[in-house]
There are 2 protein chains.
Amino acid sequence: MIFGEKLKAERMKRNWSQEVMAEKLFVSRQSVSKWENGQNYPSIEIIIKISDLFEVTIDELLRSDEELTKKVIRDSKQLAFPKLKFMFDVLIVIGLILLLLKIGVLLLDKFTALDLSLWGGKFIWNFGPLVLMIGGGIGSGVLKEKFKVE
Amino acid sequence: MIFGEKLKAERMKRNWSQEVMAEKLFVSRQSVSKWENGQNYPSIEIIIKISDLFEVTIDELLRSDEELTKKVIRDSKQLAFPKLKFMFDVLIVIGLILLLLKIGVLLLDKFTALDLSLWGGKFIWNFGPLVLMIGGGIGSGVLKEKFKVE
DNA sequence: TGGGCCCGCAACTCGTGGTTGCCATCCCGA
DNA sequence: TCGGGATGGCAACCACGAGTTGCGGGCCCA
């Protein structure tokens, strides 16, 4: 039984005896022994107390590390997803801003006496925004698709 | 009792009757009724099953919203922090890139026959990168300081 | 060797978790 | 209106499991 092992591990991590722990939880020492050896579970109220005492979640106490790892992997994917996607979204926004700048400059050049020139030539300004936006869009879309299976 | 209310809320959220839920958990309908009315708790094994069935953590089932809210606030702060900070960090990077571009152009202009001009004039290129980098740095630093109290 | 600390096994008690039976209420269709 | 089905609460009952007490074994140290 998973619970007993985890209970024992947490207790020994703190160098407590079963007696000490029993006192903290207001139970007999043998109760603690039984839990650790998998003979029975404590009551719900006591499980909550243990969770507080050790500052671990009840899920961590009751579930296998396998289950928890699966959950952590899933969670970390969801954590990484917004972050990575956000970065690609920023690229899209930058490309859009550059595109709008280019259009703005062209309009001003055409309808006003201002003689504005785009730095770097037409090549960069024609393809730069496009590359950023398409690259960002592809990256963002791929990530979205990858975690849609979830 | 908190557990019973949450159990009922989750069940009704799915439009299940107590009968349906009892079937899913392989217990009698009256057991479900008792849990919801706070007469007793289910066994540990069943609590784990319920947690899986509803895709909520056991902590969420057993703890008050007050306790959980305190924890969620703490977690969401940590979640929002990297995201917002990341955005300010991107601004810093953009500012740095623009600064390097400006320096690159100036060097090429001075040492080669190329006649390159910075679009928009010296004002933007002297202050633009600076504003981005300082703004990003301040934003990033404020967030860092805000959640350092944690 | 004796004492203290730590922990496991067994017997026992009692409370609680789950089941069954019954009933009340509500809603819908004939 | 009546009957049937669905839903859910209360009560009685029982088994089992959670917690307690008693006992003993192992280990370590003076």
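Just so we're on the same page: letters track the sequence lines, and every chain starts at 1. All heavy atoms count here, side chains included; hydrogens, waters and symmetry mates do not.
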At what angle, to 10 degrees, do the two end axes of the helix from C:dT1-D:dA30 to C:dA30-D:dT1 meet, given five pairs define each axis?
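Inter-axis angle at the ends, rounded: 20°.
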Any B:S28 side-chain nitrogen or oxygen under 4.0 Å from OP1 or OP2 of C:dG18:
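False: B:S28 side-chain N/O out of range (4.0 Å or more) of C:dG18 OP1/OP2.
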When you group the ILVMFWY residues by side-chain heavy-atom contacts below 4.5 Å and let the links chain together, are A:M12 and A:F3 in the same group?
no
Range on DNA chain D touched by chain B - first to last nucleotide, heavy-atom distance under 4.0 Å
D:dT7 to D:dA12
Which residues pass the salt bridge (Lys or Arg N to Asp or Glu O under 4.0 Å) test with B:R11, sequence neighbours left out?
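Salt bridge (Lys or Arg N to Asp or Glu O under 4.0 Å) check on B:R11 returns B:E36.
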If the condition is salt bridge (Lys or Arg N to Asp or Glu O under 4.0 Å), which residues does B:E10 pass it with, not counting sequence neighbours?
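Once residues adjacent in sequence are excluded, the partners of B:E10 under the salt bridge (Lys or Arg N to Asp or Glu O under 4.0 Å) criterion are B:K13, B:R14.
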Each nucleotide N or O in nucleotides 5-7 of chain C that has a protein N or O under 3.5 Å away: list the pair and distance.
from	atom 1	to	atom 2	distance (Å)
C:dC7	OP1	A:R11	NH1	3.1
C:dC7	OP1	A:R11	NH2	3.4
C:dC7	OP2	A:Q18	N	2.9

In whole Å, what is the span from the [atom1] atom of [X] to the [atom2] atom of [N]?
| X | N | atom1 | atom2 | value |
| --- | --- | --- | --- | --- |
| A:N40 | C:dT13 | CG | P | 18 Å |
| A:Q39 | C:dC12 | CD | P | 16 Å |
| B:L25 | C:dT19 | CG | P | 11 Å |
| A:L7 | C:dG8 | CG | C1' | 15 Å |

Rounded to the nearest 0.5 Å, what separates atom [atom1] in [X] from atom [atom2] in [Y]?
| X | Y | atom1 | atom2 | value |
| --- | --- | --- | --- | --- |
| A:L62 | B:I58 | CG | CD1 | 4.5 Å |
| B:Q18 | B:L7 | CD | CG | 9.0 Å |
| A:L25 | A:W35 | CG | CH2 | 5.5 Å |
| B:I46 | B:S51 | CD1 | OG | 13.5 Å |
| A:E5 | A:N37 | CD | CG | 10.5 Å |
| B:L61 | B:I2 | CG | CD1 | 11.5 Å |

List the residues meeting side-chain contact (heavy atoms from CB on, under 4.5 Å) with A:E19, not counting sequence neighbours, and say none if there are none.
A:S17, A:E23, A:R29
Residue whose nearest DNA chain D nucleotide is more 5′ - B:V20 or A:F26:
B:V20
Between the base of C:dG8 and the side chain of A:K34, is there a donor and acceptor pair under 3.5 angstrom?
no
I need the full list of salt bridge (charged side-chain N to carboxylate O under 4.0 Å, His left out) pairs touching residues 47-56 of chain A, with sequence neighbours left out, sorted by first then second residue.
A:D52-B:R63
